[in-house]
Structure formats: C-alpha cells, structure tokens
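Shown next, in structure tokens, is the structure this report addresses.
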Amino acid sequence: MEKLLGKTPGQLLDIATKRNWPPYTAKQLAEWLYSHKVENVEAMTNIPLKIRREIQEDFIIGRSSPIKVEESTDGTKKYLFRTNGSGYIESAYIPEGQRHTICVSSQAGCRIGCSFCMTGKQGFHGHLDAADIINQVLSIEESGLITNIVYMGMGEPLDNLGPVLDSMDILTSESGMQMSPRRITLSTIGMLPAIEKFLDKSSCRLAVSLHSPFAEERAKIVPAERAHPVSRVIELLRGYKFERQRRVSFEYIVFGGVNHSTGHARAIAQLIKGLRCRINLIRFHPVPGVDLSPPREEDILEFRDRLEEQGVKTTIRRSRGMDIQAACGMLSTIGIK
C-alpha cells in the first residue's frame, strides 16, 4: 500500500484531485499528518467517513518508531531507525538550552567516501525517501520540542536531492509543519549542479564542508573535490544573491597537525573573500582505521584566532554525544542486522 507520510501538500492535492475528493481534503490530510502527527486514518475526524474508508483501502500512514535509543551523558540521544528498504539509519537529537536540534540522515550509508567519516566507511546502501526523512522528525520522543533541523546525519543530501527537497517542503509548508527555513540547514560537500538547484528551490540555509582551502589536500580528505571543486562551489555562491535571512556557513573539521596553520587561515580568508558567511570549526572525532588525530585544545583556539585576525567570522562547535558515537562523522550502522 502507498504511504501518505512523505507526500508534500502538492502531492496530496494531486491524490485528492484524481479521486474527486474536495480540494480542501488535501490540506486536512497534510495537517493531520504533519501538525497533529496522527498514526492512523481513523483519527482524522474532520474528514468524511466515506473518504476515510477510501484512504484506508489504498494507503497507510507510514510512520515507524525507532528500534533503539541511546542517551549520552551530555543529553544527546541517538536514534536507530529501520528504513523502507535501504536498511538502517541513525539520527541524533541535541538539546542545548532553548534550542532543540535533530540531525537527520538523507541516505543509508554514503558514497562520497570522506576519509574522516564512519558513515562513508560503511558504503552506500540506498537513498531515503521523503517519508524516511520526515519520520525521523515525527517519531522521536522529543518531536514536539524540535526548534532546528540539520541535514548533517548519514549521507550526502545533494546526492538525494528530490526527496530532500520534498521533505523541506513538508517542514516549511503552511499546511505542513510550518517551520521557518531559517531553522533548517543542509550540509553538503558541494555537489554541482545540485547545489544550484537547492538554492533555487529552497529557502533553507546552506553549510558547505570545506576542511581545507587547498585542492590537493582537500581531495585527500574529501575525494569528491576532484569532481566538485570547492573553488567552483564558492564561485557559484559568490554570484548568488542571498537574502539577509539566509545564511551560508562552512564546516571545517580540524585534524591535529594537518589543516590549522597560519597558511591555511590566510588561504581560507582569500577563498571566501566577498561572501557573507561564517566558519564553524569542528574537532575531529577518532574513527577506527583512520590515521588522523584530534587537534589539541590550544591548536583549535589558536586557529580560531588566526581566522578572526584575517577577518573571518569563526565559531568552535561543541562536540556532543561522543560517548554514544553520535558526534560529527561518527554515525554508522555497520554490523546492525
């Protein structure tokens, strides 16, 4: 049976039109699915019984509960979900004061193969559909608390752009979850031309994984640099007219003794010159079989200061959920059956 979960308001209207239901039925369905978060059709009490019976004959809601939950000493939670055909995925819920963030996955595994990432080590097992993505938001215990969503979990979001855009439509639509696009961020290594389509089709924020300003060095960390040079990505961004509410940031994982010299700081400043943006420094979290080390605390602080001296707005992102392998680059479902 076909799932209703993951259908955009426009897709629900198409269903209603084909079945000769009143057009407002689509809005009612969207509100029940995404605002009221119902798990059965019988709960949709303002939809006529006859239409509810038709819905039950051909559709299911499509929600699924997490099959495992782990909680960190810092309050972070890691949720394990079984997907609709691609195996397993993990999501991370991160509370911090009044901010409640969920880090969602867009693929089972990943085919980008970044050297520092556990998800990449497990290979690619399939794309998630919009239902799999939205289910991560709706089916965790803290669903009602979520203030921010980041597409920074397993997978490369721009490698699965269609379902990702559908999920963003659901999250931001008036008859969907009514979230502000300013509270939703997509993180990417910078796939071309998908990044241009994302900028045109969505108003959500963008974070580009940089990790080095030097092409050859970055290619060792992010092999996709050869196919999608970050210099070309930045050239595209520099020519794009961003609204003041839409922010671009660069994620920069700092590896001990590798990519935090004065030369790196100067090259970064030159690379992003002319862009209204911010650099987020992230400590490398050790991954088995990877010959890279975390930076010393003094190294990351000094690197922040060097960037600030170059006029680059810089923050250091706090590591969360390390004790349950929920921190940046640590999500993986290797060995789960």
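Everything quoted here is computed from the prediction, not taken from an experiment.
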Just checking, any donor-acceptor pair under 3.5 angstrom between side chains of [X] and [Y]?
{"X": "Tyr93", "Y": "Gln136", "result": "no"}
{"X": "Glu42", "Y": "Gln56", "result": "yes"}
{"X": "Glu251", "Y": "Asn280", "result": "yes"}
{"X": "Ser139", "Y": "Arg63", "result": "yes"}
{"X": "Thr333", "Y": "Gln122", "result": "yes"}
{"X": "Ser212", "Y": "Asn259", "result": "no"}
{"X": "Glu156", "Y": "Thr188", "result": "yes"}
{"X": "Asp166", "Y": "Thr8", "result": "no"}
{"X": "Tyr252", "Y": "Thr314", "result": "no"}
{"X": "Asp132", "Y": "Thr83", "result": "no"}
{"X": "Lys77", "Y": "Ser72", "result": "no"}
{"X": "Thr147", "Y": "Arg99", "result": "no"}

Supply the atom-to-atom distance [X] [atom1] to [Y] [atom2], rounded to the nearest 0.5 angstrom.
{"X": "Glu309", "Y": "Arg266", "atom1": "CD", "atom2": "CZ", "value": "9.5 Å"}
{"X": "Met179", "Y": "Ile170", "atom1": "CE", "atom2": "CD1", "value": "13.0 Å"}
{"X": "Cys204", "Y": "Leu171", "atom1": "SG", "atom2": "CG", "value": "7.5 Å"}
{"X": "Leu12", "Y": "Leu4", "atom1": "CG", "atom2": "CG", "value": "6.5 Å"}
{"X": "Leu199", "Y": "Phe242", "atom1": "CG", "atom2": "CZ", "value": "5.0 Å"}
{"X": "Ile102", "Y": "Tyr79", "atom1": "CD1", "atom2": "OH", "value": "8.0 Å"}

>> Once side-chain hydrogen bond (donor to acceptor under 3.5 Å, both in side chains) is applied, do any residues pair with Arg283, and if so which ones, sequence neighbours excluded?
In response: Glu297

>> My understanding is that a hydrophobic cluster links ILVMFWY residues whose side chain heavy atoms are under 4.5 Å apart, including indirect links. Using that, what else belongs to the cluster containing Ile60?
In response: Met1

> Transitive ILVMFWY cluster of Phe214 at side-chain heavy atoms under 4.5 Å: who else is in it?
Replying inline: none

> Checking salt bridge (charged side-chain N to carboxylate O under 4.0 Å, His left out) for the pair Glu54/Lys50: CA distance, chi angles, key distance, verdict?
Replying inline: CA-CA 6 Å; Glu54 289 183 43; Lys50 180 179 180 296; 2.8 Å; yes

So which atom in [X] and which in [Y] form the shortest heavy-atom distance, rounded to 0.1 Å?
{"X": "Ile89", "Y": "Ala108", "result": "CG2-CA, 3.9 Å"}
{"X": "Cys277", "Y": "Ile272", "result": "SG-CD1, 3.7 Å"}
{"X": "Asn160", "Y": "Leu128", "result": "ND2-O, 2.8 Å"}
{"X": "Ala207", "Y": "Thr185", "result": "CB-CG2, 3.9 Å"}

> In terms of ring plane angle, is the pair Phe303 and His264 parallel, tilted or perpendicular, where the classes change at 30° and 60°?
Replying inline: perpendicular

> Mind checking whether Phe116 and His285 have ring centres under 6.0 Å apart?
Replying inline: no

> With a 4.5 Å limit on heavy-atom distance, are the side chains of Met44 and Ile47 in contact?
Replying inline: yes

